[in-house]
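Accompanying notes for the structure given below.
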Number of protein chains: 2
Amino acid sequence: MPYDPSAYPPFAVTVDLVVLTVRKHALCALAVRRGESPFQGRWALPGGFVAASEDLGSAAARELEEETGLRVGESAGSAAGVHLEQLATYGAPDRDPRMRVVSVAHLVLAPDLPAPVSGGDAQSARWAPVHTLLLEAGDELEPESDRDSDQLAFDHGQILADGVERARSKIEYSALATAFCTPEFTVGELRRVYEAVWGVALDPRNFHRKVTGTPGFLVPSGGTTTRQGGRPAQLFRAGGATVLNPPMLRPEI
Amino acid sequence: MPYDPSAYPPFAVTVDLVVLTVRKHALCALAVRRGESPFQGRWALPGGFVAASEDLGSAAARELEEETGLRVGESAGSAAGVHLEQLATYGAPDRDPRMRVVSVAHLVLAPDLPAPVSGGDAQSARWAPVHTLLLEAGDELEPESDRDSDQLAFDHGQILADGVERARSKIEYSALATAFCTPEFTVGELRRVYEAVWGVALDPRNFHRKVTGTPGFLVPSGGTTTRQGGRPAQLFRAGGATVLNPPMLRPEI
DNA sequence: TCAATAGTGTCTCTAAGACATTATATC
DNA sequence: GATATAATGTCTTAGAGACACTATTGA
């Protein structure tokens, strides 16, 4: 099978971003409004084309910074910053009506941002709770007429669902939940991250025992805070641990 | 950002396959010998170009059947057959010296095959233990002269390593280890699969208790076999369970 | 004082790890 | 018989789940 560039079908390659954060006790994703056809006026995931001499991860990091101003932390992902990882690749032949586009989706976990979005105007980007972006066909709401236009453009609903499921399972066996927190955070704040991502309530005592008892998960930073009200809480930073063993198992049902 | 096909860099999109099986108590991968430059004569992962109107998963299944004769089981992967899933996408600008190629790697888990490879000639394809395909730079063996030519072509060494790690972690929390087995298998055969993939020895008593006690993992097929010698062993088929909860944890170290 | 959150102590129960022995086939 | 593998029983221990109480702030 000889290589002849002109003999093989040309593809466009894009990166799409599932940017997740926790705002007001809800898991939220970044959505942008499309300005052109197709799906004009509909919400979509941020993303763009990969440049000719650009790596896939670099393209994702560039798009992230263009859309949000967020910069990915150095060490291949997180530590005390934004986490970025490849999610999956979507390439159904008809996923874009104009041409053959293969999209390499990436997952970003970010702490809550003060401003909705730094780059771009406010009208065209927003944080939206994932449950409003992922209304399934079975959900009842208004008459069906309005339903379709609320769905994300292209196959972005599927990409978002896959990204959310990845995040939900990944915080089970990794220390990545700290990527949703500010550099210094309390055990209660970390617990609320887990509760928001999983959509369940956790026992504060057992959670505290688990996270403080897992070596390398949390390191005390020395200070305390009362920003959540109540008794002052000890502040922690993310430790060096990347995997949790044994994992933090999601409650069933 | 308007879409103009000619304004965006053209990519070729390929699928590469990490096909894993367990042979003689060792985890093995399918490798094919390259006939042309670059990397002529070197071993590589099987794969090929995605056709113009072909889905990524379909292209992977087609390449698999062309190279091995294996057909992917119906229900989105396994059940009682070959399992195929998307692994990751590799798109470094210089990963192919001829042109910009983005490769969507897929992972295949297959039972031990009688013939080495059905399609293609025997000289150009083989099952090789993954540890021989993944000799790292740190390993000592012969003088370095021979080392480089034993490495897989392109970035296929990295792809294989990622696929092996995916398989190792996935049999922890899913029932996918049965994809390495024949339709009917014994508990001992399943245990040897785990031992080969993880490269560790497991306690037969605890393993038996675990797999037979996990609902939906195994269903007795009624028969017995002595193909492993010794006392007749009960035969099982894969149950409907896809996730193991609690997971089968890999021993540490 | 009340309300809010943080932090700890302990009992129970599930399940994994570490053991030895019996069972049933082939050679 | 010897040898091979299968299958089961039980003790111990790590760790999760389910509980109540005390501690320390701000309003």
Side-chain angles (χ1 to χ4, degrees), chain A residues 24-25 171-173 181-182 184-196 198 200-236 241 243-253, chain B residues 24-25 171-173 181-182 184-196 198 200-236 241 243-253:
Chain A
K24 306 186 179 178
H25 220 266
I171 64 174
E172 283 193 290
Y173 55 88
C181 297
T182 51
E184 288 193 334
F185 54 89
T186 70
V187 172
E189 288 164 354
L190 183 62
R191 177 169 50 82
R192 281 181 278 275
V193 163
Y194 273 92
E195 291 177 330
W198 285 345
V200 298
L202 299 176
D203 184 312
R205 301 166 275 269
N206 296 337
F207 183 85
H208 190 282
R209 176 182 57 191
K210 174 69 178 175
V211 297
T212 57
T214 299
F217 195 0
L218 304 182
V219 293
S221 73
T224 61
T225 182
T226 59
R227 62 188 173 214
Q228 299 287 345
R231 169 177 168 179
Q234 199 175 358
L235 284 167
F236 294 86
V243 298
L244 304 184
N245 197 326
M248 169 114 50
L249 289 176
R250 216 183 318 190
E252 322 198 23
I253 306 172
Chain B
K24 305 184 180 180
H25 220 265
I171 65 174
E172 283 193 292
Y173 54 88
C181 298
T182 52
E184 289 193 334
F185 53 90
T186 70
V187 172
E189 288 165 353
L190 183 63
R191 176 170 49 82
R192 280 182 279 277
V193 164
Y194 273 92
E195 291 177 330
W198 285 345
V200 298
L202 299 175
D203 184 312
R205 301 166 276 269
N206 296 336
F207 183 86
H208 190 282
R209 176 181 56 193
K210 173 69 178 176
V211 298
T212 57
T214 299
F217 194 179
L218 303 182
V219 293
S221 73
T224 61
T225 184
T226 60
R227 62 188 175 216
Q228 299 288 343
R231 169 177 170 179
Q234 200 176 357
L235 284 168
F236 294 87
V243 299
L244 304 184
N245 198 326
M248 169 114 50
L249 289 176
R250 220 183 315 192
E252 322 200 25
I253 308 169

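Residue numbers begin at 1 in each chain, while the letters A, B, ... track the order of the sequences. Note that the structure is predicted; figures quoted are calculated from it, not measured. The figures that follow rest on heavy atoms only: side chains count, while hydrogens, waters and symmetry mates do not.
Across the protein-nucleic acid pair, Gln234(A) atom CD and dT24(D) atom P stand 14 Å apart, rounded to whole Å. Between the P atom of dG15(D) and the NZ atom of Lys210(A) lies a distance of 8 Å, rounded to the nearest Å. To the nearest angstrom, C1' of dT25(D) lies 13 Å from CD of Gln228(A). Remark: C1' of dG15(D) and CZ of Phe217(A) are 16 Å apart, rounded to the nearest angstrom. Rounded to an integer number of Å, the gap from CZ of Phe236(B) to P of dA6(D) is 11 Å. As a whole-Å value, the separation of Arg205(B) CZ from dT12(D) P is 17 Å. For the pair Asp203(A) CG and dA20(D) P, the interatomic distance rounds to 11 Å; values are reported in whole Å. With rounding to whole Å, Leu244(A) atom CG is found 14 Å from dG15(D) atom C1'.
The footprint of chain B on DNA chain C, defined by a heavy-atom cutoff below 4.0 Å, extends from dA16(C) to dA25(C).
Among the protein residues, Arg227(B) comes within range of no part of the nucleic acid, since none of its heavy atoms lies under 4.0 Å from any strand. Contact annotation for Pro204(A): no contact, since no heavy-atom pair falls under 4.0 Å across all strands.
Using bins of under 30°, 30° to 60° and over 60° for the plane-to-plane angle, the ring pair Phe207(B)/Tyr194(B) lands in the perpendicular bin.
Between His208(B) and dA6(D), a side-chain N or O to OP1/OP2 separation shorter than 4.0 Å is absent. Side-chain nitrogen and oxygen atoms of Arg231(A) include none within less than 4.0 Å of the OP1 or OP2 phosphate oxygen of dC21(D).
Shortest non-hydrogen contact noted between Glu184(A) and Ser221(A) is OE2-OG, 2.9 Å. Closest of all the heavy-atom pairs between Glu189(B) and Arg227(B) is OE2-NE, 2.6 Å. Scanning both residues, Ile171(B) and Leu244(B), for their nearest heavy atoms gives O-CD1, 4.3 Å. Minimum heavy-atom separation, Phe217(A) to Ala241(A): N-CB, 3.9 Å.
The nearest heavy atom of DNA chain C to Asn245(B) and to Asn206(B) marks one nucleotide each, and the one closer to the 5' end goes with Asn245(B).
One donor-acceptor pair, N or O on each side, does fall under 3.5 Å between the base of dT10(D) and the side chain of Arg209(B).
Without hydrogens or angle criteria, Glu195(B) side chain to Leu202(B) main chain gives a donor-acceptor distance under 3.5 Å.
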Audit row: Thr224(A), Leu235(A), side-chain contact (heavy atoms from CB on, under 4.5 Å) steps and yes/no: CA-CA 5 Å; Thr224(A) 61; Leu235(A) 284 167; 5.6 Å; no
